[in-house]
Amino acid sequence: MKSMYLPELQQEFAALGQPKFRAGQVFDWLHAKQVTEFTMMTNLPKALREELAASYAIPSVTVEDRLISQIDGTEKYLLALPDGNAVEAVLMTYDYGKSLCVSSQVGCRMGCAFCASTLHGLVRNLSAAEMLDEVYRVQSLTDGRIDHVVIMGCGEPLDNYDNVVRFIRLLSDPHGHNMSVRHITVSTCGLAPRILDLAGEDLPVTLALSLHAPNDEIRRTLMPVAKRYALPEVLSACDAYFAATGRRVSYEYCLIDGVNDTDGHAEELARLLAGKNCHVNLIPMNPVEERAHLRETRGREQAFKNKLEKLGINATIRKKMGRDIAGACGQLRNSRLEREG
Ligand code: SAH
């Protein structure tokens, strides 16, 4: 029920012999007031509340662990799903507001060499309701509104395309949490056909492409997906995304010692992106214990950024948030899996 659009909910209530406005009331409780039980929906007749509770579950995630950084207030959440699986979400406070990084899958099947989320493979997709609940549950513990979401937690959002699109539409519904679509970022490892699909959704979210290499040869050693979709195809899908939405694409580039962080790589990257209205986000690598051969760049961030800018490419170095609590994406869940044996 929580994954349904309002018109779908109206149909559901019509089938139950209920008036249309009841669907609107339930939608308001689920997505604006963000309650977790039918019993809390106090403007519904008691009999209806009981009938709904008997026939429908409201899937809800529960906060299993919450770590708060002493350095910058970043909050990292381990969230348990109804079936016992767990995902992570991270709440960051910026001068423009609060931003939540949400997970789209339990695990991931993309196999990127530097990423902790993929170490145990893909378990399953999250439903739209579960992704919404990542936002709603964290919101319930937070002063101030969560008004940005980045889908950059565990999982590959475009590998769970339909649920992610549904999540974005519901999260931005004016009768629900009402988040601006422009405040939502989808980060992808580069599933080119799905990028083109997203361009056709009339949903102007920010697209972030995890690039991480200035050419296909290096990219294929880091990201298996690069063997399926080569850079010309991925970059032309990003160009099509920009053309359709007017949204500047952001290219994520994680600097890895000796692999992709030399001046020569910066020059090659600048040539690759020349003429695009884009932005490069340089990400300091989070060391992953199981991937010890891939190390953080040794102080090359600033030089790499300067080189790109001299060649006309906008770049920023992403600030490391929650250094004392975070670890790389997926590590909190992995340590829980280890504890459970
Ligand atoms: N699957 C999506 C979104 C999840 S990962 C994607 O690939 O974009 C979010 C971002 O974190 C991606 O850019 C990813 O490449 C990056 N990332 C993964 N592991 C990392 C690590 N150990 N250090 C720094 N960035 C990492």
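Treat the numbers as computed from the prediction; the structure is a model and nothing was measured. Atoms within a ligand are numbered from 1 in the order they appear, just like the ligands themselves.
When each atom of ligand 1 is checked for a heavy atom of Cys115 under 4.0 Å away, the hits are 18 (C), 19 (N). The distance from ligand 1 to the heavy atoms of Val288 drops below 4.0 Å at these ligand atoms: 22 (N). For ligand 1, the atoms lying closer than 4.0 Å to a non-hydrogen atom of Cys189 are 6 (C), 7 (O), 8 (O). Shown in contact with Met285 at under 4.0 Å from a heavy atom are these atoms of ligand 1, numbered in order with element: 23 (N), 24 (C).
Side chain of His183 to backbone of Ser180: no donor-acceptor contact under 3.5 angstrom is found. Judged by distance alone, with hydrogens and angles left aside, the side-chain atoms of Thr297 form no donor-acceptor pair with the main-chain N or O of Gly299 at under 3.5 Å.
By the criterion of a heavy-atom distance under 4.0 Å, neither the backbone nor the side chain of Leu209 is placed next to ligand 1. Under 4.0 angstrom from ligand 1, the non-hydrogen atoms of His212 all belong to its side chain. Here Ser187 has heavy atoms under 4.0 Å from ligand 1 in both its backbone and its side chain.
At least one N or O atom of Gly155 sits closer than 3.5 Å to an N or O atom of ligand 1. When only interatomic distances are considered, the shortest N/O to N/O separation between Ile151 and ligand 1 does not fall below 3.5 Å. Below 3.5 Å of separation, one finds no N or O of Glu252 facing any N or O of ligand 1.
At least one heavy atom of Gly153 sits closer than 4.0 Å to an atom of ligand 1. The closest approach between a heavy atom of Cys112 and any atom of ligand 1 is not below 4.0 Å.
The NE2 atom of His175 sits 6.5 Å away from the CG atom of Leu6 when rounded to the nearest 0.5 Å.
Comment: Glu301 does not engage Lys305 in a salt bridge, judged by the lack of any side-chain N to carboxylate O separation of less than 4.0 angstrom. Here Lys227 does not pair with Asp216 in a salt bridge; the nearest charged N to carboxylate O distance is not below 4.0 Å.
Cluster membership check: Ile283 does not share its hydrophobic cluster with Met110, using side-chain heavy-atom separations under 4.5 Å among Ile, Leu, Val, Met, Phe, Trp and Tyr.
Cation-pi contact between Arg166 and Tyr5: present, with separation from the ring centre below 6.0 Å and deviation from the ring axis of at most 45°.
Among Glu156, Glu296, Arg318, the residue whose heavy atom lies closest to atom 1 (N) of ligand 1 is Glu156.
Phe304 meets the ring-ring contact (aromatic ring centres under 6.0 Å, His included) test with Tyr253; sequence neighbours excluded.
Note on residues 96-113: pairs passing side chain to side chain donor-acceptor pair (under 3.5 Å), not counting sequence neighbours, are Thr93-Lys98, Gln105-Asn125, Gln105-Asp159, Arg109-Asp159.
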